[in-house]
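None of the values given here were measured: they were computed from a predicted structure.
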Amino acid sequence: MSPKAAYPVTHHRTATIDGVEIFYREAGPTDGPVVLLLHGFPTSSHMFRNLIPYLADRYHVIAPDYPGYGQSEAPDRASFSYTFDRFGELVDGLLQQLGIARYAMYVMDYGAPVGWRLALKHPDAITGLIIQNGNAYEEGLKEFWDPIKVYWADGAKESRDKLFDLVSPETTIFQYTDGVADRTRISPDNWTHDQPLLDRPGNADIQMDVMYDYRTNLPLYPSVQAWLRDKQPPTLLVWGKNDFIFPEPGAHPYKRDLRDLEFHLLDTGHFVLEDKADEVFPLIHDFLDRKVAGA
């Protein structure tokens with residue numbers, strides 16, 4: 001019997017991009033096809049901690065934290081704009097510093113608008129897409145977004161104050177457990193990791209700034225859809241169909257624009273990787289092997 005292969009090592013690094021310290025996880029062969037993992041709210045690259053070594057046997061995996069998230073620096077709001085444009089610029093700067101010009105991209109939640117900005121800036125850089133509960137169509141913005149849309153419309157302190165519940169412990173736990181049939185599959189390490197970071201002084205206001213800036217993503221959707229139609233990146237969609245935040249109606253419109261689309265709805269909620277790793281990890285690796293490894 002041959003010995004089992006060594007478990008891949010994940011490195012935890014920091015790079016200074018435009019004066020901001022950006023934390024990222026890196027694993028896999030440096031000459032392998034690159035896979036960029038872009039996290040959502042309210043978490044960080046921590047959400048990919050189990051997927052990274054699974055892919056690192058063959059792929060060069062990069063998973064950054066945005067400013068104000070995870071282990072990246074959280075600059076003062078007075079001197080730093082917490083916008084998706086800025087997040088995209090910093091992730092792009094990290095990739096440039098690492099000498100990475102082509103990559104497959106996993107987008108989830110906030111990672112989608114960050115990733116779309118990269119795609120629009122470098123339309124030929126993306127070798128493949130993995131989409132997990134990340135919007136590019138207004139059909140995906142349902143009931144959860146109604147109070148946020150009020151804040152987008154008026155920008156008022158009263159509307160902003162009503163959203164602070166979104167960073168409460170109860171909401172963080174809800175994001176991980178809602179729509180999940182068997183809660184014992186969800187590690188409480190998720191919210192005991194995320195919540196202390198949300199509770200850092202000033203971080204709740206950072207989150208409200210980002211929530212307000214989300215309104216800038218909607219005008220980009222037509223350009224993103226045009227990019228999808230034009231470039232036709234091979235795409236794997238793995239979507240938690242019970243997600244209240246990014247519900248199933250946001251998944252189906254991708255069928256309009258993508259011809260090479262592998263479409264999977266899973267019986268779970270917002271954080272698919274926490275509940276359905278046994279199903280999703282093999283789908284992701286197989287997709288990359290078939291569609292990206294030789295690209």
Side-chain angles (χ1 to χ4, degrees), residues 7-8 10-12 22-27 35-56 61-72 74 87 106-115 130-135 144 163-200 203-204 206-208 210-211 214 238-247 264 266-284:
Y7 191 75
T10 299
H11 296 274
H12 305 85
I22 299 296
F23 172 87
Y24 63 101
R25 302 171 196 249
E26 182 175 22
V35 180
L36 175 67
L37 307 178
L38 296 173
H39 71 80
F41 166 83
T43 187
S44 63
S45 61
H46 180 264
M47 69 169 281
F48 297 117
R49 68 200 178 281
N50 297 319
L51 178 62
I52 290 169
Y54 188 85
L55 299 180
V61 188
I62 304 290
D65 292 350
Y66 319 134
Y69 296 80
Q71 305 302 315
S72 283
F87 291 173
Y106 184 122
V107 299
M108 183 267 177
D109 190 293
Y110 280 5
V114 175
I130 302 161
I131 301 171
Q132 187 248 300
N133 298 74
N135 263 10
F144 171 85
L163 300 180
F164 279 105
D165 280 348
L166 295 176
V167 295
S168 70
E170 294 77 16
T171 301
T172 303
I173 294 171
F174 169 87
Q175 292 206 54
Y176 281 101
T177 59
D178 185 61
V180 172
D182 181 359
R183 184 165 163 168
T184 67
R185 294 173 68 99
I186 310 301
S187 171
D189 294 346
N190 287 296
W191 50 86
T192 59
H193 173 274
D194 289 351
Q195 196 61 44
L197 296 171
L198 291 172
D199 290 343
R200 288 175 292 177
N203 195 265
I206 286 172
Q207 301 305 327
M208 294 306 106
V210 179
M211 200 75 67
Y214 198 93
V238 283
W239 198 288
K241 66 179 182 179
N242 307 328
D243 187 0
F244 180 66
I245 300 165
F246 289 110
H264 301 268
L266 296 110
D267 185 19
T268 190
H270 190 58
F271 282 105
V272 170
L273 300 183
E274 297 301 327
D275 185 23
K276 298 295 184 182
D278 54 331
E279 297 179 38
V280 174
F281 282 19
L283 288 173
I284 294 171

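- Aromatic ring centroids of Phe48 and Tyr106 lie under 6.0 Å apart.
- In this model, no donor atom of one side chain and acceptor atom of the other lie less than 3.5 Å apart for Thr171 and Asp165.
- Salt bridge Asp189/Arg49: absent, no basic N to carboxylate O contact under 4.0 Å.
- Between the CD1 atom in Ile186 and the CZ atom in Phe271 there is a gap of 10.0 Å [rounded to 0.5 Å].
- The side-chain heavy atoms of Leu198 and Ser168, taken from C-beta on, include no pair separated by under 4.5 Å.
- A donor-acceptor pair under 3.5 Å links the side-chain atoms of His39 to the main chain of Tyr66, judged by distance alone.
- Looking at every heavy atom in both residues, Asn133 comes nearest to Gly240 through OD1-N, 2.9 Å.
- For the pair Tyr176 and Pro188, the minimum side-chain heavy-atom distance is 4.5 Å or more.
- Counting heavy atoms from C-beta on, the side chains of Asp267 and Asn242 come closer than 4.5 Å.
- Between Arg183 atom CZ and Asp178 atom CG the span is 10.5 Å, to the nearest 0.5 Å.
- We find the OH-CG distance between Tyr69 and Asp194 to be 11.0 Å, quoted to the nearest 0.5 Å.
- With contacts defined as side-chain heavy-atom distances shorter than 4.5 Å, the pair Pro42/Leu197 does not qualify.
- Here the closest heavy-atom approach between residue Gly134 and residue Ile131 is recorded as O-CG2, 3.7 Å.
- Residues meeting the side-chain contact (heavy atoms from CB on, under 4.5 Å) test with Asp109, sequence neighbours left out: Phe41, Phe246, His270.
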Report the C-alpha distance between Phe281 and Leu273 in whole Å, list the side-chain angles of each, state the deciding distance to 0.1 Å, and finish with yes or no for side-chain contact (heavy atoms from CB on, under 4.5 Å).
CA-CA 8 Å; Phe281 282 19; Leu273 300 183; 3.8 Å; yes
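- Here the side chains of Leu37 and Ser45 are not in contact, with every heavy-atom distance at 4.5 Å or above.
- Side-chain contact between Gln207 and Leu166 is absent, with no heavy atoms from C-beta onward closer than 4.5 Å.
- Of all heavy-atom pairs between Ile52 and Ala27, the closest is CG2-CB, 3.5 Å.
- Here the closest heavy-atom approach between residue Asp65 and residue Ser72 is recorded as O-OG, 2.7 Å.
- Here the shortest heavy-atom pairing between Ala112 and Val107 reads CA-CB, 3.6 Å.
- The two residues Gln195 and Pro169 have their closest heavy-atom pair at OE1-CA, 3.4 Å.
- In this structure, Thr192 OG1 and Asn190 CG are separated by 7.5 Å, a value rounded to the nearest 0.5 Å.
- Using a 4.5 Å heavy-atom cutoff, the side chains of His46 and Arg25 are in contact.
- Separating the OG1 atom in Thr43 from the CE atom in Met108 is a distance of 8.5 Å, to the nearest 0.5 Å.
- We find the CD-OG1 distance between Glu26 and Thr10 to be 10.0 Å, quoted to the nearest 0.5 Å.
- For Thr268, the side chain to side chain donor-acceptor pair (under 3.5 Å) test picks out Asp275, with sequence neighbours left out.
- Put simply, the side chain of Gln175 does not reach to within 4.5 Å of the side chain of Trp191, judged on heavy atoms.
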